[in-house]
Amino acid sequence: MAIKTIGVIGAGTMGNGIAQGFAQAGFTVRLVDVAQPMLDRARATIEQSLKRFVDKGRLTADARDATLGRLTTTTSPEYLNDADYVVEAIVENAEAKRELFTALDAITHPHVILASNTSSISITLLGAATKRPDKVLGMHFMNPVPLMTLVEMIRGQSTSDETIETASGLCRQLGKTPVEAADYPGFIANRILMPMINEAIYAMMEGVGTPEAIDTVMKLGMNHPMGPLTLADFIGLDVCLAILNVLHEGLGDPKYRPCPLLRRMVAAGHLGRKSGQGFYTY
Ligand SMILES: NC(=O)c1ccc[n+]([C@@H]2O[C@H](COP(=O)([O-])OP(=O)(O)OC[C@H]3O[C@@H](n4cnc5c(N)ncnc54)[C@H](O)[C@@H]3O)[C@@H](O)[C@H]2O)c1
């Protein structure tokens, strides 16, 4: 069945980028969030991002207007009852996601694929919250979605080949490259990235270097496009902590223990860019 209407749930850092990507590629997009202010912010972010594409000559003004015309926002998940495909991008919390997948299973047509943008949570667990585990997969976009071309595709225990093929085809329609990973905590990307970010926070906490020094060493010394503390602020410190907790619990190795400084910053509401304060001030 042709996929025309995409539901995206969660309009935060990732959800707005995912919605933009699908709308730019010609799909009708319904963006859902529990919070109206997040939906307003998402629309403003998408408008800004499209404006930058137009300014750089990578998108025409007509295409920008058409993209915005294909996007609607709502606080009612029931609005996804006619979606052909759904991507979930709510908070990185297994219970919240499981509850949502059970609700989506009831709202959407039984043939609809339900994808999660989770960074670390088991796809098998999310699939088991539905009556269609063969149609549940991980579709892990990278931040910022409009610029990053990788999508990590995670196959749960019951995910069918057909589901992976359909989702991979959609990735290509978005101009992105799908890479398959198995359903282990943190998959490939965050199993490798998060220990580095965590170690950078330990190094800062122990006074090995200032945030600027740590980031500059990794940028100029390792040729990383941005330092690990800048990247952590960009991802969101609450998201980093949630992923490290999943890695620590799921793999049982103390090397994944979240740095106490990270815990303290999250408890203080210093979440990085999105809160205006993290390792740097925004
Ligand atoms: N931030 C990153 O760099 C990044 C990268 C890849 C994947 N991810 C993953 O993407 C997901 C979203 O992360 P984010 O950084 O966009 O988070 P975020 O905190 O920026 O946004 C989460 C949004 O979900 C909404 N929400 C919460 N519960 C909801 C519900 N039940 N129904 C509808 N909306 C709900 C919140 O209001 C908020 O707007 C997480 O699973 C995260 O691990 C994040």
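First listed ligand is number 1; within each ligand, the first listed atom is number 1. All heavy atoms count here, side chains included; hydrogens, waters and symmetry mates do not.
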Original post:
Which of the atoms in ligand 1, numbered in the order shown and given with their element, are less than 4.0 Å from a heavy-atom of His140?
Top reply: 6 (C), 7 (C)
Subject >> Nearest non-hydrogen protein atom, atom 28 (N) of ligand 1 >> reply: Ile90 CB, 3.8 Å
Original post:
What residue and heavy atom of the protein are closest to atom 21 (O) of ligand 1, and at what distance?
Top reply: Gly12 CA, 3.3 Å
Subject >> Nearest non-hydrogen partners of Met194 and Ile235, listed with the distance >> reply: CE-CD1, 3.9 Å
Subject >> Proximity to ligand 1 by part of Phe141, non-hydrogen separation under 4.0 Å >> reply: backbone
**OP:** Answer yes or no: does an N/O atom from Met14 fall short of 3.5 Å to an N/O atom of ligand 1?
**Re:** yes
Original post:
Using 4.0 Å as the upper bound for N to carboxylate O, is an ion pair formed by Asp55 and Lys51?
Top reply: yes
Subject >> Polar contact flag for Lys274 and ligand 1 (N/O pairs, less than 3.5 Å) >> reply: yes
**OP:** For atom 41 (O) of ligand 1, find the nearest protein heavy atom and state the residue, atom name and distance (0.1 Å precision).
**Re:** Glu92 OE1, 2.5 Å
Original post:
Between Thr118 and ligand 1, is there a nitrogen or oxygen pair with a distance under 3.5 Å?
Top reply: no
Subject >> Test of proximity, Asp33 against ligand 1: N or O pairs below 3.5 Å >> reply: yes
**OP:** Step by step, work out the side-chain contact (heavy atoms from CB on, under 4.5 Å) result for Leu71 and Phe22.
**Re:** CA-CA 9 Å; Leu71 176 75; Phe22 278 106; over 6 Å; no
**OP:** Return the residue, atom name and 0.1 Å-rounded distance of the protein heavy atom closest to atom 42 (C) of ligand 1.
**Re:** Ser119 OG, 3.4 Å
Original post:
With distance as the sole test, does Arg70 use its side chain to make a donor-acceptor pair with the main-chain N or O of Ala23 at under 3.5 Å?
Top reply: yes
Original post:
Atoms of ligand 1 less than 4.0 Å from Lys97 heavy atoms?
Top reply: 40 (C), 41 (O)
Original post:
Between the side chain of Thr210 and the main-chain N/O of Ala213, is any donor-acceptor distance below 3.5 Å?
Top reply: yes
Original post:
Do Arg273 and Phe234 meet the cation-pi criteria used here (NZ or CZ under 6.0 Å from the six-membered ring centre, within 45° of the axis)?
Top reply: no
**OP:** Do me a favour and list the nearest non-hydrogen protein atom to atom 32 (N) of ligand 1 with residue, atom name and distance?
**Re:** Val34 CG1, 3.7 Å
Original post:
Under 4.0 Å from any heavy atom of Ile9, which atoms of ligand 1 are there?
Top reply: 32 (N), 33 (C)
Original post:
Minimum heavy-atom separation for Ile214 to Gly209, with atom names?
Top reply: CD1-O, 3.5 Å
Subject >> Protein contact to atom 1 (N) of ligand 1 [nearest heavy atom, distance to 0.1 Å] >> reply: Ile235 O, 2.8 Å
**OP:** Could you tell me the residue and atom name of the protein heavy atom closest to atom 10 (O) of ligand 1, and the distance to it rounded to 0.1 Å?
**Re:** Asn117 ND2, 2.9 Å
Subject >> Salt bridge present between Asp82 and Arg30 (N-O < 4.0 angstrom) >> reply: yes
Subject >> Lys/Arg N to Asp/Glu carboxylate O, Lys97 vs Glu92, below 4.0 Å >> reply: yes
**OP:** Assess whether side-chain hydrogen bond (donor to acceptor under 3.5 Å, both in side chains) is satisfied between Ser116 and Glu88, documenting all intermediate values.
**Re:** CA-CA 5 Å; Ser116 173; Glu88 167 277 315; 2.5 Å; yes
Original post:
Any heavy atom of Ala89 sitting closer than 4.0 Å to ligand 1?
Top reply: yes
Subject >> Note: Arg132-Asp105 ion pair, threshold 4.0 Å (strictly below) >> reply: yes
**OP:** Indicate yes or no: does an N/O atom of Asn143 lie under 3.5 Å from an N/O atom of ligand 1?
**Re:** yes
